[in-house]
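Report on the following structure.
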Amino acid sequence: MSERSCLSIILAAGEGTRMKSDLPKVLHPVAGLPMAAHVLGAARAAGSGALALVVGHGAETVSETLKSHAAGCRTFVQAERLGTAHAVLAARDAIADGFDDILVMFGDTPLIEAEALAEARQGLADGAAVVVMGFRTDKPAGYGRLVEQCGELVAIREDRDCSAAERAITFCNGGLMAIDGARALGLLDAVGNDNAKGEYYLTDIVEIARAQGLRVVAAEVAFENVLGINNRAELAEAEAIWQTRRRRRMLLDGVSMTAPETVFFAHDTVIGRDTAIEPHVVFGPGVRIGDRVRVRGFSHIEGATIADGAEVGPFARLRPGADLGAGAKVGNFCEVKAAEIGPGAKVNHLTYIGDATIGAKANIGAGTITCNYNGFTKDRTEIGAEAFIGSNSSLVAPVSIGAGAYVASGSVIVADVPDDALAFGRAPQTVKEGRASKLKARYQAEKQRRAAEKAAKDRAARG
């Protein structure tokens, strides 16, 4: 269908009061991405060359937030909310530009897949004027039924209007549609509002099209594709479905997970082949991981890049800007932020590395911290290749440790250390013979005094 032009209209004007939130409903995230951005992405992936976003509640916030997710998307405001057909017609100017296909979607259906949209477009290519996306369920109560005859859709019957026979239909309306672009405005303008709510319903175009002798069909999709989010419980359900899909995709693409149900991905997580992920790992946005990486349990990674053969965790946190070279290691209870860890370098345990560059094969001892923030500005720490930083060292930025240099354990380093130099930054050690027993006795006496005071207060309180 590459030769067919397509406009996707995403309806995002609803207030979403059941979310009980100041944030517009369509901006609530699934896998770290606003719901409506998922829909825009699916539209693009399905071959839509033009996008129209219909906004209402929180229009400015919605438009500004989604701008970066849909280059060239036109925004239209639905000033009054008078039904779904009325909402689509808010984008009249875009429809009038003349497209072969018009896709109508909702900003609160984040699980829609490009394949489902492509199938609906194929229905138009095959001669239908309208394609309605539907799903099957063994609990159809409350949903509009798709009434078919001889392979064509003859009506969408609301649950309250169904006959006994129609109520038994398990093929239900998913709300999303594809409309022949040449006929779209004519069909939409023919929709009336002679109903209890006085609204213009998009579903009415089914019978309008048939009355004009046009072909209308239904395309069956999985229920998740048309799952609308109205409250936070449904948002959590959508997140769970999205994560299940992505875990399966990762496994099929060559990523190992010992307990997939405990691993959580962001919308843009990229992981290479033969990488192994242990239980209870969370990936935030912006993570790129190469091949043959091991991510050990209970680690949290966001905005980080990890090269082939590196190892992370357990209990590690990689914050935005962390960049691990090939074969590097960031071990247990370590945090890395805005820092480059060179190939083969090791940051094994109990360490904070922030705003730093660590050279290849350097070794960072346990308890080391880069003191990168002075309360006002942040400065960098530079550590050369094959340098050795002893345990429990504090490196006060800005500071540079040369290649092959050695920093003694327990040092506070405030000045640059040249290549191959040995640096001590300790206070002189003082030993007081026999003072330990006196110090213990003093502490013991203080403990007894406090206990006696507490007992006296307790007796006084009891009278």
Side-chain angles (χ1 to χ4, degrees), residues 29-33 111 113 236 238-354 356-368 385-386:
V30 171
L33 188 70
L111 301 175
E113 295 175 298
E239 180 76 35
I241 294 170
W242 190 97
Q243 292 293 342
T244 297
R245 284 180 177 177
R246 184 54 58 94
R247 290 167 189 145
R248 177 172 173 77
R249 184 72 266 159
M250 288 286 187
L251 290 166
L252 294 176
D253 285 344
V255 176
S256 293
M257 288 180 273
T258 51
E261 69 280 4
T262 69
V263 177
F264 292 84
F265 298 103
H267 64 98
D268 58 352
T269 306
V270 175
I271 301 179
R273 294 175 61 179
D274 294 317
T275 285
I277 303 172
E278 294 182 0
H280 301 287
V281 173
V282 176
F283 296 96
V287 175
R288 299 290 184 273
I289 297 179
D291 297 339
R292 302 178 306 283
V293 171
R294 177 171 290 277
V295 181
R296 296 193 177 275
F298 296 94
S299 294
H300 189 287
I301 304 172
E302 179 178 359
T305 301
I306 304 173
D308 296 350
E311 183 175 333
V312 176
F315 295 97
R317 184 183 182 198
L318 301 186
R319 292 167 58 192
D323 187 347
L324 277 59
K329 181 178 179 181
V330 172
N332 49 294
F333 301 102
C334 292
E335 180 177 352
V336 177
K337 186 271 297 185
E340 300 169 16
I341 312 297
K346 294 181 180 180
V347 185
N348 276 323
H349 31 225
L350 303 165
T351 295
Y352 170 70
I353 301 295
T357 299
I358 297 177
K361 298 183 179 179
N363 187 90
I364 311 300
T368 296
E386 300 188 45

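Applying the side chain to side chain contact (heavy atoms under 4.5 Å, CB included) test to R245 and every residue at least two apart in sequence or in another chain returns L111, E113, E224, N225, I241. Take T262 and apply the side chain to side chain contact (heavy atoms under 4.5 Å, CB included) test, not counting sequence neighbours, and it matches A259, P279, H280. Residues satisfying the side chain to side chain donor-acceptor pair (under 3.5 Å) test with E340, not counting sequence neighbours, are none. Not counting sequence neighbours, the partners of A328 by the side chain to side chain contact (heavy atoms under 4.5 Å, CB included) test are L324, I341. Every residue meeting the side chain to side chain contact (heavy atoms under 4.5 Å, CB included) condition with P320, not counting sequence neighbours, appears here in chain and number order: E302.
Taking CG from D274 and OG from S256, the interatomic distance works out to 7.0 Å, rounded to the nearest 0.5 Å. Note that CG of L318 is 10.0 Å distant from OG1 of T305, once rounded to the nearest 0.5 Å. N348 CG to C334 SG: the interatomic distance, rounded to the nearest 0.5 Å, is 7.0 Å. Note that OG1 of T368 and CG of L350 are 10.0 Å apart. Values are rounded to the nearest 0.5 Å. Here the straight-line distance linking atom CD1 of I271 with atom OG1 of T269 works out to 6.0 Å at 0.5 Å rounding.
Between the T351 side chain and the H349 main chain, a donor and an acceptor come within less than 3.5 Å of each other.
I358 and A345 get closest at one heavy-atom pair: CG2-CB, 4.0 Å. Heavy atoms only, all atoms of each residue included: A339 and V336 are closest at CB-CG1, 3.8 Å.
Taking a 6.0 Å sphere around CZ of R249, one finds it holds more than 12 heavy atoms contributed by other residues, nucleotides or ligands.
Tested against Q243 for a side chain to side chain donor-acceptor pair (under 3.5 Å), the candidates R247, E239, R246 yield a single pass: E239.
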Enumerate, atom names and distances included, each donor-acceptor pair closer than 3.5 Å involving a side-chain atom of residues 287-301, sequence neighbours excluded.
residue: R288; atom: NH1; partner: D268; partner atom: O; Å: 2.7
residue: D291; atom: OD1; partner: R273; partner atom: N; Å: 2.9
residue: R294; atom: NH1; partner: E278; partner atom: OE2; Å: 3.3
residue: R296; atom: NE; partner: E311; partner atom: OE2; Å: 2.8
residue: R296; atom: NH1; partner: E278; partner atom: OE2; Å: 2.7
residue: S299; atom: OG; partner: R296; partner atom: O; Å: 3.0
residue: S299; atom: OG; partner: A316; partner atom: N; Å: 3.3

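For residues 249-277, the ring-ring contact (aromatic ring centres under 6.0 Å, His included) pairs, not counting sequence neighbours, are F265-F283. A salt bridge (charged side-chain N to carboxylate O under 4.0 Å, His left out) check over residues 322-337, counting only residues at least two apart or in different chains, returns the pairs R317-E335, R319-E335, K337-D355.
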